Amino acid sequence: MKPFRYERARDVAAACASAAEPAAKFIAGGTNLVDLMKLQIETPAQLVDINALPLGGIEETAEQGLRIGALVTNSAAAADMRVRRRYPLLAQAILAGASGQLRNKATTGGNLLQRTRCPYFYDTTKPCNKRAPGSGCAALAGLNRMNAVLDVSDNCIAAHPSDMAVAMTALDARVETVSRDGSTRTIPVDALYRAPGDTPHIETVLEPGELIRAVVLPPPPPGRQIYRKVRDRASYAFALVSVAAIVAHDENRVQDARIAFGGLSYKPWRSADAERTLAGGALTRASYDAAGVAALANARGYGHNDFKIPLARRTLRATLAEATGTI
Amino acid sequence: MPAVFDDPWCACGTCRDPGLDLRFTASVGRAVNEGLATAMTQNSNERLHLTRRTVLEVGTAAAALSVIAHPQSARAAGSPDAATRADLATVGLRVNGHSHTLTLDPRTTLLDALREHLALTGPKKGCDQGQCGACTVIVNGQRINSCLALAVMHDGDDVTTIEGLARSDDLHPMQAAFVRHDGLQCGYCTPGQICSAVAMLAEHKAGWASYATADVAEVPALSHAEIAERMSGNICRCSAYANIVAAIRDVAQGERA
């Protein structure tokens, strides 16, 4: 690990000012950052520890949603009865990720900002445009079975690893941030991430020193919420494909559906195409399959990850069948 | 010059030697190494976080050859370490009921602080990247991977390791259950398994759900599937899982009774 200066931030303004310095980074749970620092993939000159800041707690919002502080641990969010009763999708997604020990440390803000687990991002002997801009992408022709198939670039096919963020995207969650100048803004989770394009090392729209303060969940939409994760092991593995679905239906038709995929893109993939296809559609396998075809129409496999495209369609079908109690 | 840490558990004698400030042993090591071409590797010489073993090696080599570089003169000589060394941090930890004040390179993980500075070698270094769970300790009542925690971020925290679970000769019920059910083979993962299991039962008692819970709004009974899911952060390479789960169920049922 490279040497760094360690600073325990006393207030939000000081934290943002410190983290705006070149090569400075916020640290909260550290479950991803410390690992990357050991491997010298991350080499911050300064760590700004934000754990003493008042960014904890889960509170009700005026619109009858919930506001989850950035420092709320994944465990605490998944254990909260309001989350479990009103946003079971989110609790399921959080519990689908990592292990008990990691969830006790990992935070809401940090989970959103975790880095990809692309094996070539981790292998410092190989080219990676995300780790070493301009060096190339070893995943394109490499062992890419965990990599992305939607909105990929020839510079990077890394997938975002979070489960939590997939559920939040389906729930239309918004990120509240505060910047160095004290200004705040609200960013939909869906708009937090930047497509890889020519700059896959720039992953979010956050500015230097901009701190995630909380995640705001709007009131839960009507319908059954399900998070289904497909992975290599029964537990404690990243998603090959996951589906977050919120489906409202009557006896014959889907009234409203929200669909987001994990494991397929640089961000949690909200599929407006699948949602449009489903709305008003019958509760049939053909209808669910049509939604899957729509969702994956622009997908592109790179060899080892070709299987993700049919797997995503089938996972969507199974999730919709479970959500509607059909098939 | 005061010793850097006051460790009542330490038996080595070196770390409580008032004449030796561990902060400067990197420089001492360099002086010994450069002057005498000892067997110390370049690698260990460059480690800014020194293990007790390294300190002992340095001490032994220096004593055997009657060359003891004064720490401050070594530093004044402009060791290259001085330019790259991160500022040291003072960290207070309460570990298994004992308070310690450590002076640490900020890069020191909680695991290394426990093992290398406090001689608590129960928490194991397995993968060192948060995947195997061998390093699991209980911090402020919650299980965490100590390998992914920077010690400096746990200033003031209360840590329980496997060494702190038993009451003198009376094993913790989870330890006794692991013995009774033969919940181990090689034993390397066992301290982490037991610390994890103890904290996991507390999580369940607090009503936490898991990914194995059919309805996350409910508090499920601790079935085999629930235990397996909740313990998935602890890998057992010998695959003693069947007996580990049996041991945990035994304790869980005992607590209910």
Side-chain angles (χ1 to χ4, degrees), chain A residues 1-8 27-39 45-47 49-52 73 75-76 78-106 122 163 225 227 229 233-237, chain B residues 48-49 81 83-89 105-109 127-133 135-150 152-155 192 195-196 199-200 203 206-213 215-219 225 228-235:
Chain A
M1 204 185 292
K2 295 283 190 189
F4 56 84
R5 289 187 308 282
Y6 171 79
E7 175 190 336
R8 200 171 289 135
I27 187 165
T31 53
N32 189 210
L33 182 55
V34 172
D35 189 26
L36 292 170
M37 287 169 64
K38 286 183 183 181
L39 298 166
Q46 180 166 3
L47 279 188
D49 180 352
I50 61 168
N51 283 290
T73 63
S75 289
D80 188 282
M81 265 305 171
R82 294 165 295 181
V83 173
R84 291 160 69 177
R85 292 203 176 106
R86 286 149 61 185
Y87 306 94
L89 173 68
L90 179 58
Q92 286 171 2
I94 292 172
L95 293 169
S99 68
Q101 289 97 315
L102 290 167
R103 291 192 296 269
N104 282 342
K105 277 286 260 178
Y122 269 77
D163 292 295
Q225 302 179 17
Y227 189 74
K229 180 173 180 177
R233 296 189 297 263
S235 182
Y236 197 15
Chain B
L48 296 178
H49 159 66
D81 282 355
T84 55
R85 179 182 297 151
D87 293 336
L88 295 169
D105 185 307
R107 290 173 291 183
T108 311
T109 61
C127 67
D128 207 25
Q129 49 189 344
Q131 295 184 1
C132 75
C135 67
T136 303
V137 299
I138 302 170
V139 175
N140 300 336
Q142 295 203 330
R143 54 179 171 159
I144 66 165
N145 300 111
S146 60
C147 75
L148 290 184
L150 295 173
V152 70
M153 293 175 67
H154 286 279
D155 188 32
C195 285
S196 186
M200 181 275 282
E203 292 169 1
W208 293 15
S210 86
Y211 192 66
T213 309
D215 178 354
V216 290
E218 302 287 319
V219 180
E229 167 60 28
R230 290 164 191 258
M231 291 296 292
S232 70
N234 291 85
I235 312 293

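Below, chains carry the letters A, B, ... as their sequence lines are ordered, and counting in each starts from 1. Owing to the predicted nature of the structure, the values given are computational and were not obtained by experimental measurement.
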Largest heavy-atom contact set with chain A, pairs under 4.5 Å, which of B:M231, B:M153, B:E218: B:M153

B:T109 portion near chain A, given a 4.5 angstrom heavy-atom threshold: side chain

Per-residue contact mode, A:D49 against chain B (heavy atom under 4.5 angstrom): side chain

Heavy-atom proximity to chain B below 4.5 Å, by part of A:L47: side chain

When A:A93, A:A79, A:S235 are compared by non-hydrogen pairs under 4.5 Å with chain B, the top option: A:S235

Side chain / backbone / both / neither for A:D35 at chain B, heavy atoms under 4.5 Å: both

Nearest heavy-atom neighbours spanning A:L102 and B:L148: CD2-CD1, 3.8 Å

For B:G207 against A:R84, the heavy-atom pair lying closest together: O-NH1, 2.8 Å

Max heavy-atom pair count under 4.5 Å with chain A, selected residue of B:V216, B:L150, B:N234: B:V216

Side-chain heavy atoms of B:V139 within contact of A:K105, under 4.5 Å: no

Partner chain B: residue of A:Q92, A:Q101, A:R86 with the largest heavy-atom pair count (under 4.5 Å): A:Q101

A:A76, part contacting chain B, at a heavy-atom distance under 4.5 Å: neither

Which of A:N51, A:D80, A:I27, A:N32 touches chain B most, by non-hydrogen pairs under 4.5 Å: A:I27

Part of A:A78 within contact of chain B (heavy atom distance under 4.5 Å): neither

Heavy-atom closest pair, residues A:Y6 and B:P106: CB-CB, 4.1 Å

Which portion of B:D128 sits near chain A, non-hydrogen atoms under 4.5 angstrom: both

Distance-minimising heavy-atom pair for B:G233 and A:Y236: CA-CE2, 3.6 Å

Best-contacting candidate, A:A96, A:P88, A:A91, A:G30, against chain B by heavy atom pairs under 4.5 angstrom: A:A96

Nearest-0.5 Å distance that lies between atom OG in A:S75 and atom CD1 in B:I144: 11.5 Å

Smallest separation among heavy atoms of B:C147 and A:K38, with atom names: O-NZ, 2.6 Å

Side chain / backbone / both / neither for B:E203 at chain A, heavy atoms under 4.5 Å: side chain

Shortest non-hydrogen separation from B:Y211 to A:Y227 and the atoms involved: OH-O, 3.9 Å

Part of A:K2 within contact of chain B (heavy atom distance under 4.5 Å): backbone

Toward chain A, the part of B:S210 with a non-hydrogen atom under 4.5 Å: backbone

Spatial distance of atom CE (A:M1) from atom CG (B:D105) [nearest 0.5 Å]: 9.0 Å

Residue pair B:V152, A:R8: steps toward the side-chain contact (heavy atoms from CB on, under 4.5 Å) verdict: CA-CA 10 Å; B:V152 70; A:R8 200 171 289 135; 4.2 Å; yes

Side chain, backbone, both or neither of A:R233 within contact of chain B (heavy atoms, under 4.5 Å): neither

Chain A contact via B:A89 - which portion, at a heavy-atom distance below 4.5 Å: neither

